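Structure first, commentary second.
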2 protein chains.
Amino acid sequence: MAADAKAKTVRKVPRGEKRREELAEVAGRLFLKHGFAETTMQMIASEAEASKETLYRHFSSKEALFAELISARAAAVAGPQSALARDEPPATALFELGMSLLRLITKDEGPSLFHIIIADAHRAPELAAIFYERGPGTTLKRLTDYLRSATQRGQLRCPDPRRAAKLFVGAVIAHHHLHCLIGQPPSPITSGEMREHVQAAVEMFLSHFGGQAGMGRETDSESAAPQPEES
Amino acid sequence: MAADAKAKTVRKVPRGEKRREELAEVAGRLFLKHGFAETTMQMIASEAEASKETLYRHFSSKEALFAELISARAAAVAGPQSALARDEPPATALFELGMSLLRLITKDEGPSLFHIIIADAHRAPELAAIFYERGPGTTLKRLTDYLRSATQRGQLRCPDPRRAAKLFVGAVIAHHHLHCLIGQPPSPITSGEMREHVQAAVEMFLSHFGGQAGMGRETDSESAAPQPEES
DNA sequence: ACTTAACCGAACTCACCGGTACGCATTATA
DNA sequence: TATAATGCGTACCGGTGAGTTCGGTTAAGT
């Protein structure tokens with residue numbers, strides 16, 4: 001019959017927490033895609049094959065729904081500390097951190113997430129604040145700590161680790177970030193491009209802040225660019 | 001009488017082009033302050049002590065008004081080329097460029113302008129595009145050209161001038177830019193802080209890309225930081 | 001099987017905003 | 001001073017979206 005032409009029509013609709021998660025997932029997708037103002041509660045309900053009442057049964061308001069989703073995702077933007085935690089040499093640690101950051105900024109939900117946070121920063125400043133703290137703030141702090149201890153170990157020479165951290169992160173991130181924020185569509189950065197860029201940033205950084213060990217200026221650029229273990 | 005209790009009530013309202021400029025000025029202020037969606041035509045009219053009809057007599061629609069104001073301001077974000085155009089030595093040129101960029105990003109209308117462009121990038125992509133091209137795009141292009149010719153002159157050693165330009169601009173801009181975009185209120189960057197940061201970026205850059213002349217790594221940091229001629 | 005709580009669809013309220021229409025006041029100019 | 005253009009206030013239209021209500025339906029626990 002025409003009734004079951006769509007298999008979805010006869011699915012068993014889950015209740016309770018399960019349903020709530022479905023709604024949250026859909027809402028997150030739509031908010032990230034269209035932004036806060038351009039996403040209506042009706043759109044979310046329809047997309048999830050639910051009704052507005054169900055939506056409001058689970059979430060008290062659009063604002064609350066948005067806040068919950070965004071702050072949940074804020075955890076994901078805490079830059080990975082793996083390379084900094086292990087006692088890797090600076091060249092390796094910085095390269096890995098740089099690659100992680102660049103991936104985070106340019107791939108998957110990254111651009112949309114930053115975009116929406118910035119767009120709604122004046123409407124939800126406290127959200128932007130926790131986002132900054134968990135994301136860029138945490139990354140900067142970790143890198144600062146790493147640079148300081150690496151300096152104490154004699155691997156680096158950073159009299160002002162926090163400023164050095166800002167410089168490195170900036171060099172890696174900046175241009176691609178702005179590009180993603182302003183022109184969404186054209187973000188086709190190849191993996192090779194990324195590696196070259198991060199590599200260049202690491203080399204520049206180490207030229208200035210490198211310690212007395214043999215990791216200063218070298219023509220053999222391969223020495224500072226180990227292949228990351230995971231693509 | 002009570003009628004002239006407010007002095008404003010009896011001012012002579014200018015007509016024609018003058019009035020249009022008044023309206024544009026007010027609209028610009030409000031758009032920059034509250035964003036596109038959160039600014040209503042009624043707000044603009046009231047703030048300018050005008051009526052909506054007058055507003056619509058001068059501007060065909062809210063969209064057109066916004067576009068006119070923003071693209072007019074886009075001219076202002078073309079990074080200054082003065083230091084790059086004159087044949088200053090790299091240390092001086094880069095320092096001046098960096099200071100100009102940082103000022104542009106953090107002072108006056110800069111943060112709001114970037115903020116609103118990013119926020120409305122998906123609604124008005126062509127506006128964002130011309131903004132990027134006239135602003136960051138132009139700056140990057142000019143710096144790339146400068147680095148290339150400085151390399152040919154033997155003042156620098158940049159095998160890939162465009163990448164080098166991205167690294168420098170990123171190191172100077174990134175952190176402060178993000179900070180301004182996400183957390184509007186706290187942008188109290190002192191002039192001294194700015195100078196130190198730009199200075200550090202220049203030193204790092206020149207450590208790696210500096211030519212054979214005596215402008216490589218130096219402990220005398222003052223040599224690369226002449227006072228800018230204009231505050 | 002029966003009860004209950006969750007779900008659905010649709011219609012509704014309420015408020016806001018972009019844009020327009022109209023009647024009256026003010027200004028510039030001839 | 002007469003006239004035309006411009007500006008003002010207010011009311012209105014059409015549309016949209018957040019949040020609510022209600023009767024009927026379906027899934028889950030006992």
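In this text the structure is predicted, and so the values were computed from the model without any measurement. Throughout, a chain's letter reflects where its sequence line sits, starting with A, and its residues are numbered from 1.
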Worksheet item: Should Arg20(B) and Glu68(B) count as an ion pair when the cut-off is N to O under 4.0 Å?
Response: yes
Item to complete: May I ask you to evaluate whether Arg19(B) reaches the phosphate of dC8(D), defined as a side-chain N or O under 4.0 Å from OP1 or OP2?
Response: yes
Practice prompt. Compare side-chain N and O positions of His58(B) against OP1 and OP2 of dG7(D) and report whether any pair is under 4.0 Å apart.
Written response: yes
Worksheet item: What is the ring orientation for Phe31(A) with Phe36(A), classed by angle as parallel under 30°, tilted 30 to 60°, or perpendicular over 60°?
Response: parallel
Item to complete: Any chance you could list the contact pattern along nucleotides 17-26 of chain C? Use B for base contacts, S for sugar-phosphate-only contacts and - for none, protein heavy atoms under 4.0 Å, 5' to 3'.
Response: SBBBBB---B
Worksheet item: To the nearest Å, how far apart are Glu22(A) CD and dA6(C) C1'?
Response: 14 Å
Fill in: Parallel, tilted or perpendicular: rings of Phe205(A) and Phe168(A) (30°, 60°)
perpendicular
Response to the item:
Taken in chain and number order and not counting sequence neighbours, the residues that satisfy ring-ring contact (aromatic ring centres under 6.0 Å, His included) with Tyr132(A) are His179(B)
Practice prompt. Starting from P on dG7(D), measure out to CD on Glu17(B) and report it in whole angstrom.
Written response: 11 Å
Discussion item. With a cut-off of less than 4.0 Å, is there a side-chain N or O of Ser51(A) near OP1 or OP2 of dG9(C)?
Written reply: no
Discussion item. Looking only at side-chain N and O atoms, does Ser100(A) offer a donor or acceptor that is under 3.5 Å from a partner on Glu96(A)?
Written reply: no
Worksheet item: Just how far, in rounded Å, is C1' of dT26(D) from CD of Glu49(A)?
Response: 15 Å
Worksheet item: Would you call Arg57(B)-Glu53(B) a salt bridge at under 4.0 Å N-O?
Response: yes
